[in-house]
Number of protein chains: 2
Amino acid sequence: MSTVGKAISLLELFTLKEPEIGLSDIARKSGLDKATARRLLVALSEHRLIEQEPLSRRYRLGAGLSRLARMRDAHLPFVRLAAPIARELAQETGETVHLSEFSAGALLTVHVELSARANRVSVDVGQILPLHGTASGIAFLAFSRPQSVEAHFGKPLTAFTAHTMTSRETVMQAVRLAASRGYSRSAQGYEEGVHSVAAPILGSDGFPVGTLAVASPLSRIDDETAERQGLAAREAGRRISAELTGEQWHASVPLQPR
Amino acid sequence: MSTVGKAISLLELFTLKEPEIGLSDIARKSGLDKATARRLLVALSEHRLIEQEPLSRRYRLGAGLSRLARMRDAHLPFVRLAAPIARELAQETGETVHLSEFSAGALLTVHVELSARANRVSVDVGQILPLHGTASGIAFLAFSRPQSVEAHFGKPLTAFTAHTMTSRETVMQAVRLAASRGYSRSAQGYEEGVHSVAAPILGSDGFPVGTLAVASPLSRIDDETAERQGLAAREAGRRISAELTGEQWHASVPLQPR
DNA sequence: CATTGCGGTTCAGCATATGAACCGATGTTT
DNA sequence: AAACATCGGTTCATATGCTGAACCGCAATG
């Protein structure tokens with residue numbers, strides 16, 4: 001791995017559970033020498049991607065990350081365009097709505113509109129959603145290139161709850177259903193007690209760049225509300241896609257099942 | 001500069017004005033060779049700090065940054081980040097310092113550093129501060145959008161003591177003064193015998209997310225100490241804003257030779 | 001159809017990253 | 001209180017991985 005790769009992998013050692021780490025620990029976890037690790041940390045901190053707690057001398061992620069992330073978020077057409085529509089959808093459904101972006105083989109949650117209700121599903125920005133275990137993932141697969149879908153079945157399908165679909169055929173069935181309806185539906189595939197519907201957001205090539213999902217407590221959902229949510233999500237997804245790609249162009253790209 | 005430093009400086013080429021850049025341009029702007037620049041970009045994109053627009057082949061900041069920034073924000077929320085600086089300010093001034101966060105039309109006290117002296121002002125976490133009656137509120141208004149300020153004058157201005165400013169013009173005068181000085185000053189507007197100075201804490205959009213105030217017994221204050229406190233508060237507010245948004249590599253603790 | 005600029009690749013040479021051994025300080029065990 | 005274990009941090013000879021001039025094919029421009 002390149003030096004740069006090693007430096008960045010140091011950043012990835014910091015997690016929610018362990019947001020501050022000492023030098024020796026960093027060296028151990030990264031497999032790098034202590035001297036090397038420190039050199040990299042110094043380089044990172046010179047650009048404020050890392051900072052050091054003066055007292056404990058432990059390291060943590062730096063403020064420069066906030067700055068860079070904001071730069072990205074401000075420019076990214078996706079979030080900028082999609083957020084207002086996601087908010088509308090959240091108000092319309094009264095449930096939590098989250099946006100994900102496809103990145104490196106999985107869906108990354110990039111924006112969340114929380115439901116106004118007390119009993120609601122909570123989702124965190126930054127969360128990674130597996131393609132086969134979430135409504136978002138199914139919706140994504142349903143509009144992806146066949147070979148992309150195939151590629152995803154190369155790896156084993158891990159189960160996150162007792163309800164996660166792990167057989168290829170079950171997943172494909174859900175994918176086909178989603179493709180024909182224009183939205184996907186999934187309950188407790190990733191987290192217990194959570195029901196979701198999701199719709200794809202299509203880029204200018206007609207393939208998904210991300211998804212839009214409505215997540216509700218399972219207890220509030222029956223078939224009728226699920227369908228209402230699904231149709232609303234599909235519509236919202238279409239609107240975002242349209243704004244993303246430029247109105248007139250999108251009209252010529254049908255949302256066709258695979 | 002280290003290889004890592006060069007790689008990170010590539011990230012810093014991306015700005016709001018120019019959020020996507022082509023390879024040759026990156027090489028030119030960074031002063032690196034094209035081959036080198038590309039190697040670094042590839043290394044960065046392997047960890048999703050950079051991504052490449054497939055069509056135009058131009059590069060932009062990647063999704064991994066959002067994830068890392070989110071991690072940092074989760075671990076270092078406003079209060080935790082600001083508290084050490086508030087403590088310094090409390091030690092420097094010898095007076096009680098309190099932090100507020102804007103929430104639902106008012107300022108909510110989220111953290112307090114009590115003065116070490118026997119005769120001191122006491123403030124409770126959770127206390128709500130009215131915008132027109134406190135130094136914090138005035139500092140907040142002084143840096144808010146004009147229409148937000150206007151909106152606040154819609155409601156009547158209630159008096160909390162005999163000294164509370166209740167006329168719109170008096171308040172606006174204080175607001176203008178605070179805007180020009182960078183800090184606000186107020187005596188007995190909310191509680192008898194209490195003098196305060198306050199400075200705003202600015203978010204990434206340049207508008208206040210909260211305030212920082214120094215509260216003293218009126219008897220200890222003259223114009224000179226008030227100004228000293230005000231300037232100290234202003235500086236502390238700036239530091240917190242900088243750490244919050246990652247703006248300017250200003251006063252952060254350098255991580256080098258000991 | 002020559003020219004320019006683009007993104008991307010190659011590889012010899014050498015700048016730069018590496019890590020074992022070290023330091024002083026702090027904390028823990030005996 | 002001596003012995004021991006870790007801690008964060010530093011040094012420097014070694015060799016690894018980085019550098020950049022020259023190159024490719026392509027697309028736009030004249």
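- At least one side-chain nitrogen or oxygen of Thr3(A) sits closer than 4.0 Å to the OP1 or OP2 atom of dC18(D).
- Here Thr36(A) does not reach the OP1 or OP2 of dA17(C): none of its side-chain N or O atoms lies under 4.0 Å away.
- Closest approach of Arg234(A) to Gly182(A), counting heavy atoms only: CG-O, 3.4 Å.
- Rounded to whole Å, the distance from CZ on Arg39(A) to C1' on dG9(D) is 14 Å.
- In this pair, His152(A) and His132(A) present their aromatic rings tilted. The plane angle is within the 30 to 60° band.
- The two residues Phe14(A) and Arg60(A) come nearest to each other via the heavy atoms CE2-CA, 3.7 Å.
- For the pair Leu40(B) CG and dC18(D) P, the interatomic distance rounds to 9 Å; values are reported in whole Å.
- Overall, the helix from dC1(C)-dG30(D) to dT30(C)-dA1(D) carries an axis bend of 30° between its ends, with five pairs at each end and the value rounded to 10°.
- The minimum heavy-atom distance between Val112(B) and Val125(B), with the atom names listed, is CG2-CG2, 4.0 Å.
- For the residue pair Gln229(B) and Ser216(B), a side-chain donor N or O sits within less than 3.5 Å of a side-chain acceptor on the partner.
- Residue-level contact check: Arg58(B) touches neither bases nor backbone, having no heavy atom under 4.0 Å from any strand.
- Taking OG of Ser196(B) as the start and OH of Tyr183(B) as the end, the distance is 13.5 Å to the nearest 0.5 Å.
- Here the shortest heavy-atom pairing between Ala198(B) and Ala139(B) reads O-CB, 3.6 Å.
- Atom-to-atom, CG of Leu44(A) to C1' of dA17(C) comes out at 14 Å; the value is rounded to the nearest Å.
- Minimum heavy-atom separation, Ala43(A) to Ser2(B): CB-OG, 3.6 Å.
- Within the structure, every side-chain polar atom (N or O) of Ser24(A) is placed at least 4.0 Å from both OP1 and OP2 of dT6(D).
- Cation-pi geometry between Arg145(A) and Phe207(A) is met: under 6.0 angstrom from the ring centre, within 45 degrees of the axis.
- Distance CD1 (Ile21(A)) to C1' (dG9(D)): 18 Å, rounded to an integer number of Å.
- Rounded to a whole Å, the CG atom of Leu32(A) is 12 Å from the P atom of dA20(C).
- Rounded to whole angstrom, the span from the CE atom of Met1(B) across to the P atom of dT19(D) amounts to 11 Å.
- Rounding to whole angstrom units, CG of residue Leu41(B) and P of dG20(D) are separated by 15 Å.
- In this entry the distance linking CD of Glu53(B) with C1' of dC6(C) reads 16 Å, nearest Å.
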Considering only nitrogen or oxygen atoms on both sides, find all protein atoms under 3.5 Å from nucleotides 8-14 of chain C and state each distance.
unit_1, atom_1, unit_2, atom_2, d
dG8(C), OP1, Gln52(B), NE2, 3.0
dG8(C), OP2, Gln52(B), NE2, 3.4
dG8(C), OP2, Tyr59(B), OH, 2.5
dG8(C), N7, Lys34(B), NZ, 3.4
dG8(C), O6, Lys34(B), NZ, 2.5
dT9(C), OP2, Arg38(B), NE, 2.8
dT9(C), OP2, Arg38(B), NH2, 2.4

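- Set against dC6(C), dC7(D), dT19(D), the side chain of Arg28(B) has dC6(C) as its closest nucleotide.
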